[in-house]
**Student:** 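The structure that follows is given in the form of structure tokens.
We count ligands from 1, going down the list as the structure has it; atoms in each ligand are counted the same way. Everything numeric here is computed off the predicted structure, so don't read it as measured data.
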Amino acid sequence: MKTYQITVLKGDGIGPEIVDQAVKVLDKTAEKHGFAVSYNYALLGGAAIDAAGVPLPEETVAACKAADSVLLGAVGGPKWDSQPGHNRPEKGLLGIRKALGLYANLRPAVIFAPLRDASPLKPEIIGESLDIMVVRELTGGIYFGDRGTQEQNGVKSAYDTERYSEPEVERIARVAFDMAMKRNKRLCSVDKANVLDSSRLWRAVIDRMAKEYPEVAVSHLYVDNTAMQLVRDPGQFDVIVTSNMFGDILSDEASMISGSIGMLASASLGDGGLGLYEPIHGSAPDIAGQDIANPLATILSVSMLLRYSLNEPAAADAIEKAVSQVLTLARTKDIYTEGCGAKLVGCKEMGDLVAAQI
Ligand code: IPM
Ligand code: MG
């Protein structure tokens, strides 16, 4: 039987509990679809700082590189807030994305039909359905640019730099154009070209590449306008491609449209088959250990893992279908509304229910 090697990084806060549910669902899916999964657990973020003094130990990088794919919970928490910038849990996350060359972050915002009532947007704004793919550049821009803090005459100043090279924009644009070709052939590139040089370069590269994809309808929007359009008329979007920081912000916004940030999965990909799969939400330390977190974003990340890294589309579909079915029966607190007809459940029970549907 085919056995896939998955490196699992549970991380901090709710990370361990949501990952446990996702692993349970993956095991059940494997059993039903005729393959096996072998897990290798490694440390990242605050858990790694506690155990090894650094947020991204060498062994973790090696364990990820040796795997077929990587599943991640979430990192960070108040316990490590006093760490210096270079040793924060988040640095571990950025470091692993960079070390694995995962420059393309796919963040699909879809509304599961049973969750229409959980979206804060009015039904007439959501329309028939919602299916947006945010393609976020993940290893460049202001997250990785030159930075520093200086003090002169007793006054401190700090800076971070947004810098993109043409090849960096080209490769993320290629992912986005290819994605658009597989979907509804509409690509919206988001920038701040009315102010930023880096955005003007970004836009020029997109326009140049558009000639290679004559079937794709390309549009450009400023990021402020995009933030507004997402809640005014989200149905206008198919694929959105944008920089690291704008993508971070817009994907949180897009997730809320779908009912809860607890529903959004993501895939981070590079040029090889190796990918890193994680929910887009954070480690939610305030609710950690209480068995109330929503594991569905992590479970849906497993579905993306099966689709994009392991090439097991039928298994991926089975998970999405199971999630959709379970939403009519049960909801965690973040997506539960009075009178929704579903039962209020905790993290573990949600995992059990999804696994049972597979
Ligand atoms: C995300 C997160 C991370 C990011 C943080 C935790 C560093 O917000 O994956 O969206 O900004 O990329
Ligand atoms: Mg974010």
**Student:** Tell me whether Arg171 forms a cation-pi arrangement with Tyr103, defined as NZ or CZ under 6.0 Å from the six-membered ring centre and within 45 degrees of its axis.
**Tutor:** yes

**Student:** Tell me whether the NZ or CZ atom of Lys98 lies within the 45° cone about the ring axis of Phe144 and under 6.0 Å from its centre.
**Tutor:** yes

**Student:** Side chains of Asp131 and Asn184: does their closest heavy-atom pair fall under 4.5 Å?
**Tutor:** no

**Student:** I'd like to know if Asp20 pairs up with Lys348 as an ion pair, taking the criterion as any Lys NZ or Arg NE/NH1/NH2 lying under 4.0 Å from an Asp or Glu carboxylate oxygen.
**Tutor:** no

**Student:** Just wondering, do Ile319 and Leu306 contact through their side chains at under 4.5 Å, heavy atoms?
**Tutor:** yes

**Student:** Is a donor from one side chain sitting under 3.5 angstrom from an acceptor on the other, for Ser189 and Trp202?
**Tutor:** yes

**Student:** Assess, by modelled atom type and distance only, whether the side chains of Glu137 and Tyr164 contain a donor and an acceptor separated by less than 3.5 Å.
**Tutor:** yes

**Student:** Is the contact between Arg136 and ligand 1 made by the side chain, the backbone, both, or neither, using heavy atoms and a 4.0 Å cut-off?
**Tutor:** side chain

**Student:** Output the distance between atom CG (Leu43) and atom OG1 (Thr60), rounded to the nearest 0.5 Å.
**Tutor:** 5.5 Å

**Student:** Out of all atoms in ligand 1, which are within 4.0 Å of some heavy atom of Arg97? Include the element for each.
**Tutor:** 1 (C), 4 (C), 9 (O), 12 (O)

**Student:** Near Tyr143, which atoms of ligand 1 are under 4.0 Å from a heavy atom of that residue?
**Tutor:** 4 (C), 11 (O), 12 (O)

**Student:** So between Leu138, Asp248, Asp252, Leu264, whose heavy atom ends up nearest atom 8 (O) of ligand 1?
**Tutor:** Asp248

**Student:** Using heavy-atom distances, let me know which of Glu278, Met245, Arg107 sits nearest atom 1 (C) of ligand 1.
**Tutor:** Arg107

**Student:** May I ask you to decide whether Asp27 forms a salt bridge with Lys24, counting only side-chain N to carboxylate O separations under 4.0 Å?
**Tutor:** no

**Student:** Inside 2.8 Å of the Mg ion (ligand 2) but strictly below it, how many protein N/O/S atoms are present?
**Tutor:** 1

**Student:** Report yes or no: does a heavy atom of Lys91 sit under 4.0 Å from some atom of ligand 1?
**Tutor:** no

**Student:** For ligand 1, indicate whether the residue Arg88 contacts it via side chain, backbone, both or neither (heavy-atom separation under 4.0 Å).
**Tutor:** neither

**Student:** How far is atom 5 (C) of ligand 1 from the closest protein heavy atom, and which atom is that?
**Tutor:** Leu93 CD2, 4.2 Å

**Student:** So, is the end of the Arg136 side chain (NZ or CZ) under 6.0 Å from the ring centre of Tyr143 and within 45° of the ring's axis?
**Tutor:** yes

